Amino acid sequence: MLKIYLSDELGVLEEKKEITRGCWVNLISPTEDEIIKLSNELDLPIEFLKDPLDEEERSRIEKDEGNILIIVNIPLASMDEHNNMIYDTIPLGIIFTKGCFITVCLKDNPILQSFIKNNIKNFFTYKKTRFSLQILYFMATSYLKYLKQISKLSDTIEKQLHESMKNKELFSLLNLEKSLVYFTTSLKSNNYVMQKILRGNYLKMYEDDQELLEDVIIEHQQAIEMADTYTNILSSMMDAFASVISNNVNNVMKLLTSITIIMAIPTMVASFYGMNVAIPFQNYQHSFLFAIILSFVLSSVTAVIFWKKKFF
């Protein structure tokens with residue numbers, strides 16, 4: 001899908017049919033024909049348009065004859081087949097050409113949608129440097145938002161794990177831990193790109209742009225620290241609750257074993273009195289009642305002993 005947008009002087013975004021100077025070209029999972037057409041029309045290396053479509057593409061910045069490619073990994077939240085929230089990262093390509101600004105991504109995402117819906121203040125498509133920094137800043141805040149969601153999810157799962165004997169909650173924690181690993185890796189590589197932009201001479205920046213880039217770097221560093229902290233917490237929680245689940249199972253087995261022993265006593269007494277040999281009180285008219293009382297007394301004594309031993 002290829003969409004072309006252009007901001008007017010008031011910052012109102014309008015969709016256009018043709019590429020004009022100062023426009024924003026947004027490519028979402030583009031076809032081969034769209035990639036080739038755009039590459040030829042803008043005299044742009046075709047790799048600039050194809051590289052961000054690789055899910056495993058690393059974050060980097062590259063310059064080629066006045067064209068600049070910035071690839072960063074943005075966070076994405078979705079639902080799995082069991083309606084559980086999962087978090088991942090995908091590459092986003094930001095391309096500067098002489099006449100326009102281009103974004104390339106495999107999937108539609110909330111970050112670009114916020115610009116399309118005019119939810120971002122002071123946003124102009126023809127201010128390419130500031131536009132790119134605004135994308136990077138919103139990307140950093142999205143990481144922070146998803147990290148807070150992961151923290152809340154882990155707290156909810158922790159409460160469920162207190163009485164759980166199943167592996168479902170542990171698998172949920174494992175998915176969250178995996179998401180945090182993706183976030184940490186992507187944030188660190190993104191931060192490397194930000195530092196390179198700050199130190200290098202890739203983008204023409206004014207003082208306000210410089211300050212915005214520094215804010216982006218600070219937000220990224222904060223997100224990295226949060227991701228590292230949550231990863232350590234989740235790792236500790238998984239180890240602790242694996243032991244808790246094992247202990248819960250042991251308690252249940254101990255209870256069932258105690259009940260089995262108590263229930264086995266009446267069976268044992270009945271077995272003795274069912275033998276085809278001479279036994280005490282076999283001619284006594286209340287011998288059946290005697291067997292019942294004996295079974296009850298022995299079972300009760302055993303139950304009291306187990307209760308004092310805290311077997312149940």
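From a predicted model like this one, the values you see are computed outputs, not experimental measurements.
- Note: Thr184 OG1 to Met226 CE = 11.0 Å, rounded to the nearest 0.5 Å.
- Nearest heavy atoms, Val216 versus Met194: CG1-SD, 4.0 Å.
- Each side-chain hydrogen bond (donor to acceptor under 3.5 Å, both in side chains) pair with one or both residues in residues 128-142, not counting sequence neighbours, appears once here: Arg130-Asp209.
- The ring of Phe131 has its center no closer than 6.0 angstrom to the ring center of Phe124.
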(Q) Set out, in order, the CA-CA distance, both residues' side-chain angles and the distance that settles side chain to side chain contact (heavy atoms under 4.5 Å, CB included) for Asp64 and Leu69, then state yes or no. (A) CA-CA 8 Å; Asp64 181 87; Leu69 168 66; over 6 Å; no
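- Grouping the Ile, Leu, Val, Met, Phe, Trp and Tyr side chains by contacts below 4.5 angstrom, directly or via other members, places Ile135 apart from Ile4.
- Annotation: Glu55, atom CD; neighbour count of heavy atoms from other residues, nucleotides and ligands within 6.0 Å does not exceed 12.
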Q | Leu92/Leu112 under side chain to side chain contact (heavy atoms under 4.5 Å, CB included): CA gap, chis, key distance, verdict | A | CA-CA 10 Å; Leu92 170 66; Leu112 296 181; 4.1 Å; yes
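- Between Cys100 and Thr20, the shortest heavy-atom distance links the atoms CB-O, 4.3 Å.
- Listed by chain and number, the residues in a side-chain hydrogen bond (donor to acceptor under 3.5 Å, both in side chains) with Lys178 amount to none (sequence neighbours excluded).
- The shortest non-hydrogen separation linking Ser154 to Leu176 is N-CD1, 3.9 Å.
- Considering all non-hydrogen atoms of both residues, Thr125 and Gly22 come closest at OG1-O, 2.8 Å.
- Note: Leu106 CG to Asp54 CG = 8.0 Å, rounded to the nearest 0.5 Å.
- Atom CZ of residue Phe123 and atom OG of residue Ser7 lie 4.5 Å apart, to the nearest 0.5 angstrom.
- Hydrophobic cluster of Ile86: no remaining members, since no ILVMFWY side chain lies below 4.5 Å from it.
- Evaluation of the side-chain hydrogen bond (donor to acceptor under 3.5 Å, both in side chains) test over residues 89-113, restricted to residues two or more places apart or in two chains, returns Trp24-Thr103, Asn26-Thr103, Thr89-Ser186, Asp108-Gln113.
- Across Pro52 and Val104, no two heavy atoms sit closer than the pair CB-O, 3.8 Å.
- Hydrophobic clustering (side-chain heavy atoms under 4.5 Å, transitive across Ile, Leu, Val, Met, Phe, Trp, Tyr) keeps Leu76 apart from Ile71.
- With sequence neighbours excluded, no residue satisfies side-chain hydrogen bond (donor to acceptor under 3.5 Å, both in side chains) with Thr257.
- The hydrophobic cluster containing Leu2 does not contain Phe115, counting ILVMFWY residues as joined when their side-chain heavy atoms lie under 4.5 angstrom apart, directly or transitively.
- Phe183 is linked by a ring pair (Phe, Tyr, Trp, His ring centres under 6.0 Å) to Tyr143, counting only residues two or more places apart in sequence or in another chain.
- The shortest distance between side-chain heavy atoms of Ile90 and Cys105 falls below 4.5 Å.
- Cluster annotation: Ile68 and Ile19 are assigned to distinct hydrophobic clusters (Ile/Leu/Val/Met/Phe/Trp/Tyr, side-chain heavy-atom contacts under 4.5 Å, transitive).
- Glu14 pairs by the side-chain hydrogen bond (donor to acceptor under 3.5 Å, both in side chains) definition with Lys16, not counting sequence neighbours.
- By the 4.5 Å heavy-atom criterion applied to side chains, Ile74 and Pro91 are not counted as neighbours.
- Residues satisfying the ring pair (Phe, Tyr, Trp, His ring centres under 6.0 Å) test with Phe138, not counting sequence neighbours, are none.
- Hydrophobic cluster membership differs between Phe48 and Ile28, with clusters built from Ile, Leu, Val, Met, Phe, Trp and Tyr side chains linked at under 4.5 angstrom.
- If you take NE2 on His220 and CG on Asp215, they are separated by 12.5 Å, rounding to the nearest 0.5 Å.
- Taking 4.5 Å as the limit, some side-chain heavy atom of Met139 sits within range of a side-chain heavy atom of Asn190.
- Put simply, the side chain of Asn232 gets close to the backbone of Asp228: a donor and an acceptor are under 3.5 Å apart.
- In this structure a side-chain-to-backbone donor-acceptor pair under 3.5 Å is missing from Ser189 to Arg58.
- Proximity of Phe101 to Ile94: side-chain heavy atoms (C-beta onward) are separated by under 4.5 Å at one or more points.
- Within the model, atoms CG of Leu234 and OG1 of Thr229 stand 11.0 Å from one another, a figure rounded to the nearest 0.5 Å.
- Nearest heavy-atom pair across Gln221 and Asn191 is CG-OD1, 4.0 Å.
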Q) Going through the distances and angles, do Val304 and Val301 end up as a side chain to side chain contact (heavy atoms under 4.5 Å, CB included)? A) CA-CA 5 Å; Val304 170; Val301 171; 5.8 Å; no
Would you tabulate the side-chain donor-acceptor contacts of residues 32-47 under 3.5 Å, counting partners in other chains and residues two or more places apart, or write 'none'?
| residue | atom | partner | partner atom | Å |
| --- | --- | --- | --- | --- |
| Glu32 | OE2 | Lys50 | NZ | 3.0 |
| Glu34 | OE1 | Met1 | N | 3.3 |
| Glu34 | OE1 | Thr31 | N | 3.0 |
| Ser39 | OG | Leu44 | O | 2.5 |
| Asn40 | ND2 | Ile36 | O | 3.2 |

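- For Tyr87, the ring pair (Phe, Tyr, Trp, His ring centres under 6.0 Å) partners are Tyr146, not counting sequence neighbours.
- Rounded to the nearest 0.5 Å, atoms CG (Leu180) and CG (Leu147) are 6.5 Å apart.
- By the side-chain hydrogen bond (donor to acceptor under 3.5 Å, both in side chains) test, Arg60 pairs with Asp51, Glu57, Glu62, sequence neighbours left out.
- Residues forming a ring pair (Phe, Tyr, Trp, His ring centres under 6.0 Å) with Tyr230 (at least two apart in sequence, or on another chain): none.
- Taking a 6.0 Å sphere around OH of Tyr5, one finds it holds more than 12 heavy atoms contributed by other residues, nucleotides or ligands.
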